[in-house]
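Encoded as structure tokens, the structure appears first; notes follow it.
What's counted below: heavy atoms across the whole structure, side chains too, no hydrogens, waters or symmetry copies. Everything numeric here is computed off the predicted structure, so don't read it as measured data.
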Amino acid sequence: MQNMSLLRLMASFSNAAHDPPLHADLAAGCEVAIVRPTSQTMPHCLLPTQLQMNCPHPMWMDMFPFPEIRDNLIRRQHSFNHKNFLKSLFGDLIYVMSPAGQFQLGPSSVPTLQQHQQQDGSLPGNDREGLILWGEAYLKENWEATPLFLTKWSWVVEGCHELVDISNRWRIKRGEDPLWITTS
């Protein structure tokens, strides 16, 4: 996760405890922290929001370059299954902490875009779920949300019109129809 690496260089994390604690069935076994920017320059889109700086939350929520998404995740962190959300984002390509604190290893290699292309060069679109990253993770314009992700996790993108607009630019480049999503 390049964004997490950038944040570790340009922000400080204070370990914190959830109050109330996350239910074990919801948590993904990640550290809980609050984040503060340091004096170093960081990408504007990764600057912590007031909520990030004041509300303990799992550190993986800090990786998104969309402040609205980070805040939506933090606000509802006690009401959704973090493991299911991360699996929706990354499939089996993530490492999830088991309750005993041992890492469960995922696949040894990350599939390439070419492995998912159809014969005509297009990507299978209706069965994918998650966010697609087309370049540097700290650049918003490199992110694309799949229709299935937007349907399943619509509350995550509430107020984040920018992600839908960027996703539509990627879809139009591929000759696909734009998404018509209401994001409050």
Please list, chain by chain and in numerical order, all residues satisfying side-chain hydrogen bond (donor to acceptor under 3.5 Å, both in side chains) with W170, sequence neighbours excluded.
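Partners of W170 under the side-chain hydrogen bond (donor to acceptor under 3.5 Å, both in side chains) test: none.
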Residues that R75 engages under side-chain hydrogen bond (donor to acceptor under 3.5 Å, both in side chains), provided they are two or more places apart
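Per chain and number, R75 pairs via side-chain hydrogen bond (donor to acceptor under 3.5 Å, both in side chains) with N72.
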Given V156 and L150, is the side chain to side chain contact (heavy atoms under 4.5 Å, CB included) satisfied, shown in steps?
CA-CA 8 Å; V156 172; L150 292 173; over 6 Å; no
Quick check: does any side chain N or O of [X] sit under 3.5 Å from a backbone N or O of [Y], one acting as donor and the other as acceptor?
X    : Y    : answer
R70  : Q52  : no
H57  : Q77  : no
S88  : G130 : no
R171 : D177 : yes

Distance, nearest 0.5 Å, that separates [atom1] of [X] from [atom2] of [Y]:
X    : Y    : atom1 : atom2 : value
I166 : C160 : CD1   : SG    : 7.5 Å
W134 : K173 : CH2   : NZ    : 10.5 Å
I132 : N142 : CD1   : CG    : 12.0 Å
C45  : F66  : SG    : CZ    : 8.0 Å
M61  : I69  : CE    : CD1   : 12.5 Å
L133 : L89  : CG    : CG    : 11.0 Å

Which word best sums up how the rings of W153 and F80 line up, parallel for under 30°, tilted for 30 to 60°, or perpendicular for over 60°?
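Answer is perpendicular, since the angle exceeds 60°.
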Can you name the residues that form a salt bridge (Lys or Arg N to Asp or Glu O under 4.0 Å) with E162, not counting sequence neighbours?
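Once residues adjacent in sequence are excluded, the partners of E162 under the salt bridge (Lys or Arg N to Asp or Glu O under 4.0 Å) criterion are K140.
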Can you name the salt bridge (Lys or Arg N to Asp or Glu O under 4.0 Å) partners of R169, sequence neighbours left out?
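So R169 forms no salt bridge (Lys or Arg N to Asp or Glu O under 4.0 Å) with any residue.
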Considering all heavy atoms, the nearest [X]-[Y] contact:
X    : Y    : result
I74  : C55  : CG2-SG, 3.7 Å
S167 : A145 : OG-N, 2.7 Å
P65  : L46  : CA-CD2, 4.0 Å
Y138 : P43  : CD1-CG, 3.9 Å
T49  : P67  : CG2-CB, 3.7 Å
H82  : P58  : CE1-CG, 3.6 Å

Would you check if the distance from the ring center of F85 to the ring center of W60 is below 6.0 Å?
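So the answer is yes for these two rings.
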Are L51 and W155 linked, directly or through intermediate hydrophobic residues, by side-chain heavy-atom contacts shorter than 4.5 Å (ILVMFWY only)?
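Result: yes, single cluster for both.
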Could you walk me through whether V164 and W180 satisfy the side chain to side chain contact (heavy atoms under 4.5 Å, CB included) test, starting with their C-alpha distance in whole Å, then the side-chain angles of each, then the deciding distance to 0.1 Å, before giving a yes or no?
CA-CA 8 Å; V164 176; W180 300 103; over 6 Å; no
Pairs where residues 142-153 contributes a residue and the test salt bridge (Lys or Arg N to Asp or Glu O under 4.0 Å) is met, not counting sequence neighbours
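Residue pairs with at least one partner in residues 142-153: E129-K152, E144-R174.
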